[in-house]
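Let me begin by presenting the structure, written as structure tokens, before commenting on it.
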Amino acid sequence: MSSFSGCSVSEYYPPSLWLYDPTQLHDLLQSTHRAVVPYTSSAPDCWDALIALDSADGGAGNLVNQIYSSTNANAVDAGQTHSWNREHVWPKSRGVGYNGPDFTDLHALRPSDWNVNAARSNRHFAPCGIAEVITECVSPAHSEAAVDTERDSYTFLPPKDRRGDVARATFYMVMRYDGSETDTLDLTLTDCPAFNSVDDGKLGYLSHLLQWHEEDPVDDAERARNDAVCSDWQGNRNPFVDYPALVEYIFGAPRKSPSVDGGGYDCTAPNPSGPVPPPAPPTSSPTPSPVLAPGSGGGGTCVGLNAGDVMPIGMRSDNPDVVVLMALADVTEGAEIYITDNAWTGTEFKTNEGVKKFIVPTGGLAAGSVFGYNDASLPHYSLWTHVSGSFSLSSSADAVHVYCLGTDPLTGQNTVPYHLSALSYSNSGWSSPDSDPSAFTSGQSALPDSLPGNAVVTLPHRDNYRYNGVRSGTRSALLGFISAPVEWSGGDNAGFDVTSGWIDFTVTADATPAPTPAPTPSPTPNPTPQPTPAPVPDAPAGTCATLTGGDVMIAGYNADNPDSVALVALADLPGGVELYLTDAAWTGSNFKSNEGTQTYAVPPGGIAKGTVFGYGGGFDESWTALSGSFALSVSGDAVFVYCIDESPSSSIVHLSGLTYSTNGWSDASTNEGDFTSSKSALPSELCPTCSVIVSPHRDNAVYVGNRMGTKEEILTSMSDGAGSHWSGDNSNRYDLKFMLGLFVVN
């Protein structure tokens, strides 16, 4: 066992790394693979590593969790035929072999029941019916395997809750091993693999692994394992655990599934869903720009600002236009910050679009402060003034430049642009510099060559965007996250919310001081650290505590598989309260029993008001099936959240309800036969704003309205399911966890 530094996500990926470049990513994984753990040794070896990494008893070292069985085994029985063995997720006979760093790479090595490991053998990953007719399927794959496993002669299907882990392990192996090292091969994922055991380095089936990556997203256990592999054993990380969105850029989307007749995929035709083209990396102008040198502090109206000190964290081009900014350094009062949608030509700004100016108010802005343009919910929105032209972001593509004006040494006037940051949301990325301003349309701009890469955000086209990454860290770490497109979510719907829920970031000092700024005329107040919410007192078991209608609201759902439901706490939820989620119909006096119910125990310490949590869809909460099958119908359904007070008698406390059925809520009835899977009455106990009718019907919907205010104000907004506060779609699922972010409940 080793100890490696630089293993946190913010430290591991250097600001200069272009995440979308497979060569750069491979080089990072290889160069930081600082220890090759021996397979079997008297020193700490792979047995020891797996006992630590896949512990089933909190690290006590007595039990390990077996990947394909979802059961535990005694750690001391390692290698015994009646117990567990070491499973190579990428089989030895398909390219890993018995030597080289890939043989013992812990990112793709897991404990497995000995007999289930043998049943998997070197089979490719896929459900039955892909390479062999479905009638040859064996399910479960072995009597000791999980019930949802299966196999035929050529393929193996892992348990549902491990399929994403398996997929991301194989993605890592492809990125890590290109055959350039001794005793390694160039590993490749394919939809048309060979079925013999030749060491060709090819493993199937890519399309199914891509599906599993989406259906079984990264959870906290997988993140913790990734951390420990790096810090305690190998020194490198799996980037597809840290940045799941990278997968579509590097591996693309899955092919359309073939029939289950064993005919497999047609690999003679190109995959129409190949890798998504990544945004172009920041480019440098071949001609030096007449701007102040980086780190000069700007002078003039900049009053000590440096590139990256003010970053965009949100924008909306669907009217009304909005820009959200955040200060990554203390900004002195009187400094002037400009935003423009004019194109930068490489030497100057065009003048056909608009410029707005912000004068920093008395007392300055502390590092971490969020402020913005043109929305009353954003701090200091009223301090912007018009400078020139028409600032109007194009919904088809555009760029936003943030800058201040330095002093021209020849004239003494504050006319020299000093670039602080820039954001582009064009599918073509940044344009090449051109001395002819007419070469740039309203959606094009060159990138100022004075800007470092971590002060630039380059996004594919969406009408609206907001940053969803970490909000606490050093200046350099936060710059790395903000400049990474995988940390942003976007949408083309005019209701996409870019303004609600912002609270100030927490910016800590870098280990190496930033460039010394020019002297400032007045001091800036120190940043105010954000308070940590106090733990919520736990409740006695079997009670709803003080919970009442509207304390937990449904904030979004996906009925298109896999089902997911987003919830938001509009009051503090005490630890120990049992929440129930059901799609069963309410008759007026009880729930019908033909559908399903899931339960979730609020953890010790509770859930603070404003927190978004949920079922499925990447949410980390662990729900337990209580009864039936919770399966949202795409033709319409109802969802309820409730708790049960067991004393003095079991009574349901309804917290919220939502229906997306075409006809809304039905009348109560004593005849359960009046209610189908898409019909339900509304509990009379619920307050008028504690329920939602999503109208018109949508398979998937998410709340996009106000996320800041009193509980009553937010409930009023959320209950308007027919207005602009909800966004719905019948074809595309929503990333509920990213889109909803944080609520601020006063």
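Note: hydrogens, waters and symmetry copies are ignored here, and every other heavy atom, side chains too, is used. This chain uses plain numbering: 1 for the first residue, then up along the sequence.
For Glu214, there are no salt bridge (charged side-chain N to carboxylate O under 4.0 Å, His left out) partners, not counting sequence neighbours. Partners of Phe619 under the ring-ring contact (aromatic ring centres under 6.0 Å, His included) rule, at least two apart in sequence or in another chain, do not exist in this structure. Listed by chain and number, the residues in a side-chain contact (heavy atoms from CB on, under 4.5 Å) with Pro101 are His33, Val36, Arg176, Tyr177, Glu181, Thr184 (sequence neighbours excluded). With sequence neighbours excluded, the residues satisfying ring-ring contact (aromatic ring centres under 6.0 Å, His included) with Tyr660 are Tyr557, His697. His88 meets the ring-ring contact (aromatic ring centres under 6.0 Å, His included) test with Tyr39, Phe103; sequence neighbours excluded. For Cys137, the disulfide (SG to SG under 2.5 Å) test picks out Cys128, with sequence neighbours left out. Contacts of Pro22 classified as side-chain contact (heavy atoms from CB on, under 4.5 Å), with partners at least two apart in sequence or in another chain: Met175. Applying the salt bridge (charged side-chain N to carboxylate O under 4.0 Å, His left out) criterion to Asp463, with sequence neighbours excluded, gives no partner residue. A search for side-chain contact (heavy atoms from CB on, under 4.5 Å) contacts involving Pro159 returns Tyr68, Ser70, Ala146, Asp148, Thr149, Asp161, Arg162, not counting sequence neighbours. Every ring-ring contact (aromatic ring centres under 6.0 Å, His included) that Trp47 has, sequence neighbours left out, goes to Trp84. By the salt bridge (charged side-chain N to carboxylate O under 4.0 Å, His left out) test, Glu132 pairs with no residue at all, sequence neighbours left out. Partners of Arg151 under the salt bridge (charged side-chain N to carboxylate O under 4.0 Å, His left out) rule, at least two apart in sequence or in another chain, do not exist in this structure.
Formation of a donor-acceptor pair under 3.5 Å by the Arg123 side chain with backbone atoms of Asp152 is found in this model. At distances below 3.5 Å, at least one donor-acceptor pair connects side-chain atoms of Asp219 with backbone N or O atoms of Glu222. Counting only distance, with no hydrogens or angles, the side chain of Asp77 and the backbone of Ser83 share no donor-acceptor pair below 3.5 Å.
Below 30°, between 30° and 60°, or above 60°: for Tyr13 and Tyr243 the angle between ring planes is above 60°, a perpendicular geometry. In this structure, His107 and Tyr172 have tilted ring planes: the angle between them lies in the 30° to 60° band.
Each of Asn72, Asp57, Thr71 was checked for a side-chain hydrogen bond (donor to acceptor under 3.5 Å, both in side chains) with Asn65, and the lone residue meeting it is Asn72.
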